[in-house]
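Notes follow the structure.
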2 protein chains.
Amino acid sequence: MLHPLKHHIERITPISDQEFEYILSHFTPKKFRKHQFLVQEGNAVPNDFFVVSGLVKASFTNDEQKEHILQFAMEDWWVCDYQAYFNQVNATLNVDCLEDTEVLCLSLVNREKLCADLHKIEHFFRRKSNFGYIALQQRILSLMNNDAKERYQQLLKQHPSLFQRVPKTLIASYLGVSRETLSRLSAQ
Amino acid sequence: MLHPLKHHIERITPISDQEFEYILSHFTPKKFRKHQFLVQEGNAVPNDFFVVSGLVKASFTNDEQKEHILQFAMEDWWVCDYQAYFNQVNATLNVDCLEDTEVLCLSLVNREKLCADLHKIEHFFRRKSNFGYIALQQRILSLMNNDAKERYQQLLKQHPSLFQRVPKTLIASYLGVSRETLSRLSAQ
DNA sequence: AGTTTCGTGTGACCTATATCACACTACTGA
DNA sequence: TCAGTAGTGTGATATAGGTCACACGAAACT
């Protein structure tokens, strides 16, 4: 069976087995258990993470201890505090596991080395980032243009599996509504 | 004096004069007057735009004719309907001029050609996209975590010049509040 | 096995912000 | 030069969604 990362990269650019071997050698596999942190607020962020299996969330917690979820990441998703990672400053986000999770870690040095060595990989990351940008623009529009119920229904349609794996409280804090409001919305 | 695009690229990667000549040859300069559209909803989006001078806005208008501004772009900013541009589908956004504006147009074909030919440029666009992604994440957090007044004050702090060049009504629809609410906020 | 803690629903009440309506000034274009 | 429109302020009112409080079953530690 194809390695999930190879499969993932080849959705954007074909690579040979040797190239993939070389790429993979820049990643470190790691396992985390539910409730463990991949990134913790206030700490350095040496790695970006490609999720091989499991489920994590990336979130910001404000002074009143209110948590806002920026992203869920499951199989085949990347997740990190990119602000901290790319600028090599301490994290303002937390990334933690909602399930036991296996990831491939990519340090910034290895990422830049890979990108410098292999033009294809720089291309891959550029495309990924472009798509990510577009997705975030759409989320901003949705926050500005749609009410809580519409956002809930959109998410349900786009990622139905999430609702099987994630408590509603967290869905609420991803959508930017209180859990009480979400509960009332989904009742109807 | 340095060409604004060369200056812009060299903030990320140094390039020789010959390289810049080659890069620039892939762009087409164009001038637009106030109220003209760079991108119009429903049309194809052949070009991405680098703003040399002037000021534009990128916005989405919903069925009730309510406009949400995704982005302002002035000197040294890039602007487009990237969803439409990268996926070669029709625009859902409008990009139009708030002032007379000069841009450099980059077609998708030329962009991909440049990226394939010149590794440095692919690197440049990857970095730009990374930073753009981070900025949008921060905007999402701000929409979820801050009230209208806080968002107003953040924007005022980050881009004071915008308030000299743009009517408050548009600032409001960038911030995701009604113009009336913004008026009451800025009164205090 | 028993006791916390987590996830969820639901009522009562509160508040930030939207909406509607009107007024006034300053451009803008025939 | 005059009409129309863009930009803005402000009062009155409406409402989506937040907050607080309580309840209850299910999961998870010890």
Side-chain angles (χ1 to χ4, degrees), chain A residues 33-36 55-57 59-69 72 94 96-100 140-156 161-188, chain B residues 33-37 55-57 59-69 72 94 96-100 140-156 162-188:
Chain A
R33 318 220 90 214
K34 190 169 173 173
H35 296 131
Q36 284 191 309
L55 178 60
V56 307
K57 68 178 203 288
S59 64
F60 173 77
T61 303
N62 71 14
D63 303 340
E64 290 91 44
Q65 294 307 107
K66 190 164 168 174
E67 185 185 39
H68 299 283
I69 295 180
F72 294 106
N94 289 302
D96 67 287
C97 299
L98 304 175
E99 302 173 359
D100 293 355
I140 287 170
L141 274 184
S142 169
L143 282 169
M144 296 207 293
N145 194 43
N146 301 122
D147 64 21
K149 178 150 206 177
E150 291 168 325
R151 297 203 299 277
Y152 168 74
Q153 286 168 337
Q154 273 177 17
L155 185 65
L156 189 57
S161 67
L162 213 58
F163 290 72
Q164 259 74 53
R165 296 170 74 174
V166 171
K168 301 255 176 101
T169 309
L170 297 184
I171 302 273
S173 79
Y174 175 84
L175 292 173
V177 278
S178 68
R179 58 157 210 87
E180 293 95 329
T181 297
L182 184 73
S183 166
R184 284 183 253 262
L185 290 178
S186 54
Q188 311 164 29
Chain B
R33 318 220 90 214
K34 190 170 173 172
H35 296 130
Q36 285 190 309
F37 287 87
L55 179 59
V56 307
K57 68 178 203 290
S59 64
F60 173 76
T61 303
N62 71 12
D63 302 340
E64 290 91 44
Q65 295 306 109
K66 191 164 167 175
E67 185 185 37
H68 299 283
I69 295 181
F72 294 106
N94 289 302
D96 67 287
C97 299
L98 303 175
E99 302 174 358
D100 293 354
I140 287 170
L141 275 184
S142 170
L143 282 169
M144 297 206 294
N145 195 41
N146 302 122
D147 64 20
K149 179 150 205 179
E150 290 168 327
R151 297 203 299 278
Y152 168 75
Q153 286 168 337
Q154 272 177 16
L155 185 65
L156 188 59
L162 214 57
F163 290 72
Q164 259 74 54
R165 296 171 75 174
V166 171
K168 302 254 175 101
T169 308
L170 297 184
I171 302 272
S173 77
Y174 175 84
L175 291 174
V177 277
S178 68
R179 58 158 210 86
E180 293 95 328
T181 298
L182 184 72
S183 165
R184 284 184 253 263
L185 290 178
S186 53
Q188 310 163 29

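Remember, predicted model here, so these are calculated numbers, not experimental data. The chains referred to below are lettered A, B, ... by the order of the sequence lines, with proteins before strands, and numbering in each begins at 1.
- Proximity of a side-chain donor or acceptor of A/Asn94 to a complementary backbone N or O of A/Ser59 within less than 3.5 Å is not detected.
- For B/Arg33 and C/dT28, the CZ to C1' distance is 14 Å, given to the nearest whole Å.
- Checked against a 6.0 Å centroid threshold, the rings of B/Tyr152 and B/Phe163 count as neighbours.
- In this entry the distance linking CZ of A/Arg165 with P of C/dG7 reads 16 Å, nearest Å.
- Distance, A/Tyr152 OH to C/dT8 P: 11 Å, rounded to whole Å.
- For A/Leu175 and D/dG17, the CG to P distance is 11 Å, given to the nearest whole Å.
- We find that NE2 of A/His35 is positioned 7 Å from P of D/dC29, with the value rounded to whole Å.
- Using a 4.0 Å cut-off, no side-chain N or O of A/Thr181 falls inside it from OP1 or OP2 of D/dG17.
- Of the candidate nucleotides C/dT10, C/dT17, D/dT10, C/dT10 has the atom nearest to the side chain of A/Ser183.
- One interatomic measurement links the two molecules: CG of B/Leu143 to C1' of C/dA16, which rounds to 15 Å at whole-angstrom precision.
- For A/Asp147, counting side-chain heavy atoms from C-beta on, the closest listed nucleotide (C/dT8, C/dT19, D/dG17) is D/dG17.
- For B/Asn146 and D/dG18, the CG to P distance is 15 Å, given to the nearest whole Å.
- Remark: the backbone N or O of A/Lys34 is paired with a side-chain donor or acceptor of A/Asp100 at under 3.5 angstrom.
- No side-chain donor from either of A/Glu67 and A/Thr61 sits under 3.5 Å from a side-chain acceptor of the other.
- If you check D/dA28, C/dT8, C/dT19 against the side chain of A/Lys168, the one that comes closest is C/dT8.
- Among the nucleotides D/dA21, D/dG18, C/dT8, the one closest to the side chain of A/Glu180 is D/dA21.
- With distances taken from any side-chain atom of B/Val177 to the nucleotides C/dT8, C/dT10, C/dA18, the minimum falls on C/dA18.
- Checking B/Ser178 against A/Leu182, the closest nucleotide of DNA chain C that is more toward the 5' end is the one next to A/Leu182.
- In this structure, the nucleotide among C/dA12, C/dG7, D/dG11 sitting nearest to the side chain of A/Arg184 is C/dA12.
- Looking at the side chain of A/Arg179, the nearest of the listed nucleotides D/dA21, D/dT8, C/dA12 is D/dA21.
- Nearest to the side-chain atoms of A/Thr169 among the listed nucleotides C/dA12, C/dG7, D/dG7 stands C/dG7.
- To the nearest angstrom, C1' of D/dG17 lies 14 Å from CD of A/Glu150.
- Heavy atoms of A/Lys66 sit under 4.0 angstrom from primed sugar atoms or phosphate atoms, though from no base atom.
- Residues B/Gln36 and B/Arg33 share a closest heavy-atom pair of OE1-N, 2.7 Å.
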